[in-house]
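Written below as structure tokens is the structure these notes are about.
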2 protein chains.
Amino acid sequence: MHEHLRVNETATPNSTLFSAAFGKALKNKRTALNLSQEELGFRSGLDRTYISGIERGTRNPTLLIANRIAEALAIPLSVLIAEAEKPMQEGGASAV
Amino acid sequence: MHEHLRVNETATPNSTLFSAAFGKALKNKRTALNLSQEELGFRSGLDRTYISGIERGTRNPTLLIANRIAEALAIPLSVLIAEAEKPMQEGGASAV
DNA sequence: CTGTGACTAAAAGTCCGTA
DNA sequence: TTACGGACTTTTAGTCACA
């Protein structure tokens, strides 16, 4: 990319962890509501396969997209992200 | 895009509101820490002008970028976003 | 119902300036 | 110090066929 100060050289970059955690939190909320990816896609106006990618952590959505998904789940984005941050603080424990 | 049910036809789309609110929250936190955009840019490894764009609500960062900024501000992203959501709930009141 | 690779269009993100 | 623009590269948005 470009030469910046690399403070930490961890094997699993924080970025990957965050995407994975967000995906997990999303899947948790979705399944808790008994929604299929397809149904959530419909509610948020996003493609079914795109939702799938986010849940698997292979996609890095923008704030606006993340917010649309949160709205479709009827929760504030801050709450969804807070859920994603939980397992990261504890070092990878299971979510609710 | 494609034809979906338009529930609400507000003059200012939610997306714009959200970006603006996030930018405001960001600026609040940054100035509270007495950081210049340039300094925050350096700490987060992002371009000075990009930080500026986000604060003005003209840019829509990804979750990973937003998280890097939150880290540079030493707060969880969920907290920064929660700050952004506050004025939206109250209909555009001033932040702390 | 979900995972995945491939693809094009669009936007993110960088870097150079000026005011 | 910040706003803002232009030109540029990289990544995401959005979609499809197929497993």
Side-chain angles (χ1 to χ4, degrees), chain A residues 1-6 13-73 77 81 84, chain B residues 1-6 13-20 22-73 77 80-81 84:
Chain A
M1 291 187 178
H2 54 162
E3 34 237 333
H4 251 111
L5 309 182
R6 276 278 147 246
N14 205 321
S15 50
T16 305
L17 289 178
F18 191 83
S19 291
F22 182 77
K24 226 175 176 179
L26 166 54
K27 184 168 187 173
N28 279 162
K29 281 293 175 184
R30 177 179 63 77
T31 55
L33 293 173
N34 277 302
L35 294 175
S36 65
Q37 290 180 346
E38 193 166 13
E39 178 61 23
L40 178 59
F42 180 73
R43 294 195 187 191
S44 59
L46 297 168
D47 196 86
R48 185 207 100 221
T49 65
Y50 186 50
I51 301 285
S52 171
I54 294 174
E55 288 192 355
R56 282 176 293 126
T58 64
R59 295 278 193 157
N60 173 28
T62 61
L63 241 40
L64 258 31
I65 293 292
N67 194 44
R68 270 165 64 179
I69 293 174
E71 282 181 346
L73 293 173
L77 178 56
I81 291 183
Chain B
M1 296 186 175
H2 53 168
E3 35 239 331
H4 250 110
L5 309 183
R6 278 274 145 248
N14 206 319
S15 50
T16 304
L17 289 179
F18 191 83
S19 291
F22 182 76
K24 225 174 176 179
L26 167 55
K27 184 168 188 174
N28 279 164
K29 283 292 175 184
R30 177 178 63 77
T31 55
L33 292 174
N34 278 302
L35 294 175
S36 65
Q37 291 179 346
E38 192 167 14
E39 177 63 23
L40 179 59
F42 180 73
R43 293 195 188 190
S44 58
L46 296 168
D47 196 83
R48 183 199 98 224
T49 66
Y50 187 50
I51 301 286
S52 171
I54 295 173
E55 288 191 356
R56 282 177 291 128
T58 63
R59 293 286 192 154
N60 174 29
T62 61
L63 239 40
L64 259 31
I65 292 294
N67 194 43
R68 271 164 63 179
I69 293 174
E71 284 181 345
L73 293 174
L77 179 56
L80 183 57
I81 291 183

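Here is the naming used below: chain letters follow the sequence lines, and residue numbers restart at 1 for every chain.
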From CG (Asn67(A)) to CG (Leu17(B)), nearest 0.5 Å
10.0 Å
What I'd like to find out is whether the side chain of Ile54(B) reaches to under 4.5 Å of the side chain of Leu46(B), using heavy atoms alone.
no
Measure CG/Leu63(A) against P/dT12(D) and give the value in whole Å, please.
14 Å
Examine dC4(D): is either OP1 or OP2 under 4.0 Å from a nitrogen or oxygen in the side chain of Arg56(B)? Give yes or no.
yes
Provide, to the nearest angstrom, the distance between the OH atom belonging to Tyr50(B) and the P atom belonging to dA11(C).
13 Å
Assign Asn60(A) to base, sugar-phosphate, or nothing according to its heavy-atom contacts below 4.0 angstrom with the strands shown.
sugar-phosphate
Of the nucleotides dG3(C), dA3(D), dA12(C), which has the atom closest to the Ser52(B) side chain?
dA3(D)
Quick one: Asn34(B) CG to dT2(D) P, roughly how many Å, whole number?
11 Å
Looking at every strand, decide which applies to Thr49(B) at a 4.0 Å heavy-atom threshold: base, sugar-phosphate, or nothing.
base
Using the closest heavy atom to pick a nucleotide of DNA chain D for each, name whichever of Glu55(B) or Ile54(A) lands nearer the 5' end.
Glu55(B)
Could you give the CZ-to-P distance, from Arg59(A) to dT15(D), as a whole number of Å?
11 Å
Backbone of Gly45(B) reached by a side-chain donor or acceptor of Arg68(B) within 3.5 Å
yes
Can you check the Asn67(B) CG to dG13(C) P distance for me, whole Å?
12 Å
Can you tell me whether the side chain of Arg30(A) and the base of dT2(C) have a donor-acceptor pair closer than 3.5 Å?
no
For dG14(D), does the base pair up with any side-chain atom of Arg68(A) as donor and acceptor (N or O, under 3.5 Å, distance only)?
no
Can a side chain N or O of Arg48(A) be found less than 4.0 Å away from OP1 or OP2 on dT2(C)?
no
Nearest-angstrom distance from the residue atom CG of Asp47(A) to P of dT4(C):
16 Å
Side-chain heavy atoms of Ile51(B) within contact of Ser44(B), under 4.5 Å:
yes
Which nucleotide wins on minimum distance to the side chain of Lys27(B), given the candidates dA3(D), dG13(C), dT4(C)?
dA3(D)
Using atom CD of Gln37(B) as one end and atom C1' of dT1(D) as the other, report the distance to the nearest whole Å.
8 Å
If you check the Thr62(A) side chain, which of dC15(C), dT12(D), dG14(D) turns out closest?
dT12(D)
Integer-rounded Å distance: dT1(D) P and Phe42(B) CZ:
14 Å
Is Leu35(A) close to Arg43(A) at the side-chain level, that is, under 4.5 Å between some pair of heavy atoms?
yes
